[in-house]
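In what follows, a single structure is set out as structure tokens and then discussed.
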There are 2 protein chains.
Amino acid sequence: MNMKTKLLTSAEQLFDQHGFMATSMDQLTKAAEMSSRTLYKHAGDKNGLIQAVLMERDRRFLQIIDVKSIDDLFEALQSWAETEGTRGCLFLRAYGETGGETPEIAKTVMAHKAAFHAQIAGILKTELGANDPNLELLTEQILILIEGSTAAAIYRGAEAFKSAHKAASALIAQAIK
Amino acid sequence: MNMKTKLLTSAEQLFDQHGFMATSMDQLTKAAEMSSRTLYKHAGDKNGLIQAVLMERDRRFLQIIDVKSIDDLFEALQSWAETEGTRGCLFLRAYGETGGETPEIAKTVMAHKAAFHAQIAGILKTELGANDPNLELLTEQILILIEGSTAAAIYRGAEAFKSAHKAASALIAQAIK
DNA sequence: ACAGATGTAAAACGATCGTTTTACATCTGT
DNA sequence: ACAGATGTAAAACGATCGTTTTACATCTGT
């Protein structure tokens, strides 16, 4: 594993487990097993590191939700939650910790959420046809169900995705009928 | 307004707007217009202040969701979001910023979420009858829809509650039918 | 009237923060 | 072969952190 990958991997874990602001550059350099000089050469500064971690996670996440049906989408997200843990959406956490006031981070978060929304819209379009009148509403509802599962899973466990999945199926069935 | 109230009010605003860790005790004393000695006498330490803010918000929140129908619940939450802003759930944000590793805060957050869940369950019980077989599932689905709206509203605005409301109504109608 | 509670302003505490610098070693491509 | 890139270890930067202390003033209930 090259140094950049090692840095991003260990940083993502620390940020996710302890929070962004609560994780010090010292902890980050130790976890990445590199000198602070090297870390700064790769990441620029702490906000740059946060942004790089989020961009890498965005890449991985979009890969995971690159499926063809809403059923597969919920399955993929539930198993992701089961293996990676349920600590909430890392993007919204970064946004919240910085009050949305760090432009590079806010921008990365918003771009991620736009891509997330677009992916759901795309799946629904192939599932219901491009001119289903409920497309927009259903897209936002599925989005909300996923955001909600991600949040609720923090205190109710990854099974929250199952309840959300059933809700999504019911809403879609009703739209098709 | 007495000092404790002033402290909790201004602290809640700062925490919500800029994040918990990103808000310094110096900013908090200035916003509360009191000396740090007085702040510490009232709050103990920073974690104590965070906990006190959350407990006060819990009180206010439970008051707001003290309604008799799911319709009223969504109406109340949407207008709360419209007036107070959409920065996500302050409880989950506090939990996330501390990695769930600050016991006093984690405990306060979990107690709040349990009360929140119980309130939804109570409303649904009066709406569907105590022995409706879908009570548990529906309760978690409504919970997820609300958590999801709260999160999604950060980047899609408070109208997210409308989409969630419609989803909730559809799920309930289907359960009654 | 006066003791105890409650407050202020300001300095100081040691610790830690993010970041840079210094001095040096080792890889790597031509 | 050797220049430039890439790395380490450790000290140091000034700034800021949460918290406590000092010295003093004013309110409040008996």
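Labels below follow one simple rule: chain letters A, B, ... track the order of the sequence lines, proteins then strands, and each chain is numbered from 1.
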If the condition is salt bridge (charged side-chain N to carboxylate O under 4.0 Å, His left out), which residues does B:E12 pass it with, not counting sequence neighbours? B:R57, B:R60

Closest non-hydrogen atoms of A:L135 and A:G129, given as atom of the first, atom of the second and distance, are CD1-O, 3.8 Å

Who are the ring pair (Phe, Tyr, Trp, His ring centres under 6.0 Å) partners of B:F74, not counting sequence neighbours? B:H165

Write down the distance between NZ (A:K6) and P (D:dG7), rounded to a whole number of angstrom. 12 Å

Evaluate the side chain to side chain donor-acceptor pair (under 3.5 Å) criterion for residues A:Q141 and B:S163: first the C-alpha distance (whole Å), next the side-chain angles of each, then the deciding distance (0.1 Å), finally the verdict. CA-CA 6 Å; A:Q141 287 173 332; B:S163 305; 5.7 Å; no

Separation of D:dA9 atom P from A:E33 atom CD, nearest Å, is 10 Å

Expected list for residues 45-55 of chain B near DNA chain C, using heavy atoms below 4.0 Å, is none

Start with the C-alpha distance between A:D72 and A:I123, add both sets of side-chain angles, then the distance that settles side chain to side chain contact (heavy atoms under 4.5 Å, CB included), and finish with yes or no. CA-CA 10 Å; A:D72 289 351; A:I123 296 173; over 6 Å; no

Bend angle of the helix from C:dT19-D:dA12 to C:dT30-D:dA1 from five-pair axes at both ends, rounded to 10°? 20°

Counterpart residues, side-chain hydrogen bond (donor to acceptor under 3.5 Å, both in side chains), relative to B:S24 (two or more places apart): B:Q27

Closest non-hydrogen contact found for B:A170 with A:L171 is CB-CD2, 3.9 Å

Where at least one partner belongs to residues 134-155 of chain A, residue pairs that pass ring-ring contact (aromatic ring centres under 6.0 Å, His included), sequence neighbours excluded: none

Quick one: ring-ring contact (aromatic ring centres under 6.0 Å, His included) pairs with a partner in residues 13-56 of chain A, sequence neighbours left out? A:F15-A:F20

Test: ring-ring contact (aromatic ring centres under 6.0 Å, His included). Region: residues 46-72 of chain A. Which pairs qualify, not counting sequence neighbours? A:F61-A:W80, A:F61-A:H112, A:F61-A:F116

Closest heavy-atom contact between A:I144 and B:A160? CD1-O, 3.3 Å

Whole-Å distance, A:L39 CG to D:dA9 C1', equals 15 Å

Value in whole Å for how far the C1' atom of D:dG7 lies from NE2 of A:H42: 10 Å

Specify the separation, in whole Å, of atom CE of A:M21 and atom P of D:dG18. 10 Å

Enumerate the residues from residues 24-32 of chain A whose closest heavy atom to DNA chain D is under 4.0 Å, giving them by residue number; use none for an empty result. none

All N/O contacts under 3.5 Å from nucleotides 20-25 of chain D to the protein, with atom names and distances to one decimal?
{"unit_1": "D:dT20", "atom_1": "O4", "unit_2": "B:S36", "atom_2": "OG", "d": "3.1"}
{"unit_1": "D:dT22", "atom_1": "O4", "unit_2": "B:R37", "atom_2": "NE", "d": "2.9"}

Can you check the A:K41 NZ to D:dT8 P distance for me, whole Å? 11 Å

What residues form a salt bridge (charged side-chain N to carboxylate O under 4.0 Å, His left out) with B:K113, not counting sequence neighbours? B:E147

To the nearest Å, give me how far apart CG (A:N2) and C1' (C:dT28) are. 16 Å

Those residues that, when tested against A:K162, pass salt bridge (charged side-chain N to carboxylate O under 4.0 Å, His left out) (two or more places apart): none

Would you say B:T38 reaches C:dT8's phosphate, i.e. side-chain N/O to OP1/OP2 under 4.0 Å? yes

Tell me: CG of B:L14 to P of D:dG18, nearest whole Å? 12 Å

With a 6.0 Å cut-off (strictly less than), is the heavy-atom count around CD of A:Q17, excluding the residue itself, greater than 12? yes

